[in-house]
Amino acid sequence: MRTRRGFSYPRGAAVNACDTAAGKRTATTSYKRGKPDFSAGDYLVCRKKNRLISTEKTGENDLFDSLPDDLVISILCKLSSSASCPSDFINVLLTCKRLNGLGLHSLVLSKASPKTFAVKAKNWSDSAHRFLKLFADAGNVEACYTLGMIRFYCLQNRGSGASLMAKAAISSYAPALYSLAVIQFNGSGGSKSDKDLRAGVALCARAAFLGHIDALRELGHCLQDGYGVRQNVTEGRRFLVQANARELAAVLSKPNPGLPTRTWFSWNPHAHPNHRHPTGNGPSGCPLLSDFGCNVPAPESHPASRFMTEWFAIRGGSSGSGLRLCSHTGCGRSETRKHEFRRCSVCGAVNYCSRACQALDWKLRHKEGCAPVERWVDEDGEGGADGDDGGVDGDDDDVMIES
């Protein structure tokens with residue numbers, strides 16, 4: 001190729017010029033078609049670099065991505081253990097993909113407090129069941145016990161519920177040990193012949209050793225009555241006093257804002273026991289240690305008990321035809337067969353799943369309204385206390401005046 005003046009172009013320059021022109025045409029054509037003239041991987045890398053450069057220029061660099069996972073999990077553990085309701089924890093999971101993944105870590109779920117998975121009975125659904133099961137599968141003993149109680153008494157899945165409570169009991173969770181003891185005392189989920197009093201006393205003693213107040217009270221009454229264990233009135237009385245003292249200490253450590261502390265101690269040695277706590281304008285409380293002039297607020301129920309109480313209240317206050325609920329308002333347990341719970345042998349109007357519930361409800365409210373009758377009639381129209389309402393070996397239960 002020659003110029004206008006007749007000179008020849010250098011061969012290498014001509015080739016380079018042709019290649020340059022061809023490259024320009026290819027790039028222009030590709031640009032018009034919307035296709036870059038390089039690979040997709042290079043294109044994405046280029047976009048990320050441009051994004052990082054623009055972010056650094058604006059001064060809005062996100063340091064959250066640079067935090068190690070261990071630190072984020074530790075923060076989430078603190079959050080789950082201090083959450084006041086499930087929405088506090090769920091809102092964190094919805095923040096971003098990373099928090100959602102780390103928030104469902106087994107360590108975070110196992111450290112969660114009962115308020116984190118405190119599902120209400122009116123909002124119960126399959127998704128709520130799965131949500132609670134996440135915590136139970138992670139080894140959270142509170143979730144294992146709560147889901148176990150719901151399955152055993154509310155969903156009537158006896159085997160699965162008992163196994164979850166046993167899982168919590170293996171971890172030395174006192175409420176689970178006591179609930180299994182109540183199941184053994186009543187033969188819940190089976191027939192009357194399935195009662196195992198010795199196993200119930202053994203589980204109750206283990207829970208009492210861990211400081212469970214209801215277990216201490218139940219064990220004290222068992223020793224006093226010789227129920228499932230050799231009778232020892234002195235030792236039983238010691239356990240009952242210890243239960244009252246522990247409950248008083250628990251209330252003193254967490255004062256009730258609704259009841260002034262000075263009203264807890266109302267010493268009046270000449271007052272009649274039945275009129276020590278009027279039902280009118282007087283303070284509502286449980287007169288534990290009433291022999292010593294002490295009036296403390298009623299103990300707070302476990303979240304599982306509150307769930308069961310609400311569950312059966314929505315369904316008309318019964319779990320089935322002829323099945324009764326424990327008359328103690330803070331319990332929530334239901335019968336699994338007819339005439340499973342103990343009935344008050346004086347009035348026959350109330351029934352209890354355990355001696356502890358009977359003693360506590362007697363001092364809480366039943367002491368005021370219990371009136372003796374010559375012969376009361378049960379739900380089936382049969383009089384007396386025959387059947388499975390008895391205390392020791394099928395005999396009638398006596399109302400326990402003292403605890």
Side-chain angles (χ1 to χ4, degrees), residues 80 83-90 112-136 140-158 160-162 164-165 168 173-176 178-180 182-183 186 188-189 212-214 254 256-259 284-286 297-337 340-341 349-354 356-358 360-361 364-366 379:
S80 65
S84 59
C85 60
S87 60
D88 292 346
F89 182 71
I90 294 175
S113 66
K115 293 182 179 179
T116 306
F117 47 83
V119 182
K120 293 186 177 180
K122 63 180 180 180
N123 300 328
W124 183 257
S125 61
D126 291 338
S127 59
H129 195 169
R130 291 193 298 269
F131 177 71
L132 187 54
K133 189 174 182 296
L134 282 175
F135 296 89
N140 190 304
V141 292
E142 288 273 4
C144 289
Y145 172 69
T146 302
L147 184 57
M149 292 286 284
I150 293 173
R151 286 184 177 179
F152 190 89
Y153 289 103
C154 299
L155 305 181
Q156 299 182 6
N157 190 346
R158 315 295 185 193
S160 177
L164 282 172
M165 285 187 276
Y173 186 60
Y178 174 69
S179 293
L180 291 175
V182 173
I183 291 174
N186 295 325
S188 301
H212 193 265
I213 297 173
D214 288 339
K254 297 179 181 180
N256 187 356
L259 185 63
S284 61
C286 178
E300 184 179 1
S301 302
H302 192 276
S305 299
R306 292 197 297 268
F307 180 94
M308 294 189 297
T309 302
E310 182 182 353
W311 175 276
F312 293 120
I314 295 173
R315 287 153 180 80
S318 176
S319 61
S321 58
L323 300 181
R324 305 166 300 184
L325 301 179
C326 181
S327 297
H328 177 41
T329 55
C331 178
R333 291 181 177 86
S334 169
E335 288 182 328
T336 60
R337 67 179 184 277
E340 177 184 339
F341 289 168
V350 293
N351 45 86
Y352 304 100
C353 66
S354 62
C357 282
Q358 186 175 9
L360 193 57
D361 189 65
L364 180 62
R365 65 177 185 88
H366 189 52
E379 290 84 350

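Index from 1, following the sequence. Computed from a prediction, not measured in an experiment: that's the story for all the values here.
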Quiz prompt | Donor-acceptor pair, side chain of Arg324 and main chain of Asn351, under 3.5 angstrom | solution = no
Quiz item: If every non-hydrogen atom of Ala174 is compared with every non-hydrogen atom of His212, which pair is closest and at what distance?
Solution: CB-CB, 3.8 Å
Quiz prompt | Under 3.5 Å: donor-acceptor pair, side chain of Thr336, backbone of Ser188 | solution = no
Exercise. Please tell me if the side chains of Leu323 and Phe312 come closer than 4.5 Å, counting only heavy atoms from C-beta onward.
Key: no
Practice problem: Take the angle between the ring planes of His129 and Trp124 and call it parallel below 30°, perpendicular above 60°, tilted in between. | Solution: tilted
Quiz item: Is the shortest heavy-atom distance from the side chain of Ser334 to the side chain of Met308 under 4.5 Å?
Solution: no
Quiz item: Do any N or O atoms from the side chain of Glu335 and from the backbone of Glu340 form a donor-acceptor pair under 3.5 angstrom?
Solution: yes
Quiz item: Any donor-acceptor pair under 3.5 Å linking the side chain of Asp361 with the backbone of Cys357?
Solution: no
Quiz item: Does the side-chain contact (heavy atoms from CB on, under 4.5 Å) test come out yes or no for Tyr153 and Leu325, once each step is laid out?
Solution: CA-CA 10 Å; Tyr153 289 103; Leu325 301 179; over 6 Å; no
Quiz item: Do Tyr173 and Glu142 come within less than 4.5 Å of each other through their side chains, counting heavy atoms only?
Solution: yes
Quiz item: Rounded to the nearest 0.5 Å, how far does SG of Cys85 lie from NZ of Lys115?
Solution: 9.5 Å
Exercise. Would you give the length of the straight line joining atom SG of Cys326 to atom CD of Gln358, rounded to the nearest 0.5 angstrom?
Key: 9.0 Å
Quiz prompt | Distance, nearest 0.5 Å, that separates CZ of Phe117 from CG of Asn140 | solution = 4.5 Å
Quiz item: What is the ring orientation for Phe131 with Phe89, classed by angle as parallel under 30°, tilted 30 to 60°, or perpendicular over 60°?
Solution: tilted
Quiz item: Is there side-chain contact between Leu132 and Ile150, with heavy atoms separated by less than 4.5 Å?
Solution: yes
Quiz item: Does the side chain of Ser179 come within less than 4.5 Å of Arg333's, by heavy atoms?
Solution: yes
Practice problem: Could you tell me which non-hydrogen atom of Asp88 sits nearest to which non-hydrogen atom of Ala83, and how far apart they are? | Solution: CB-CB, 4.0 Å
Quiz item: Sub-3.5 Å donor-acceptor pair from the side chain of Ser327 to the main-chain atoms of Tyr352, do we have one?
Solution: no
Quiz item: Could you state the interatomic distance from OG (Ser354) to CG (Asp214), rounded to the nearest 0.5 Å?
Solution: 7.0 Å
Quiz item: Are the side chains of Asn186 and Cys353 in touch, meaning some heavy atoms are under 4.5 Å apart?
Solution: yes
Exercise. Kindly compute the distance separating CZ (Arg151) from OG1 (Thr146), expressed to the nearest 0.5 Å.
Key: 12.0 Å
Practice problem: Determine the minimum heavy-atom distance between Lys133 and Leu147, stating which atoms define it. | Solution: CA-CD2, 4.0 Å
Quiz item: How long is the gap from NE2 on His328 to OG on Ser305, to the nearest 0.5 Å?
Solution: 8.0 Å
Practice problem: Anything under 30° is parallel, anything over 60° is perpendicular, the rest tilted; go ahead and classify His302 against Tyr145. | Solution: perpendicular
Practice problem: Identify the two heavy atoms, one from Phe135 and one from Ala143, that lie closest to each other, and give their separation to 0.1 Å. | Solution: CB-CB, 3.5 Å
Quiz item: Would you call Phe152 and Ile183 a side-chain contact if the rule is heavy atoms closer than 4.5 Å?
Solution: yes
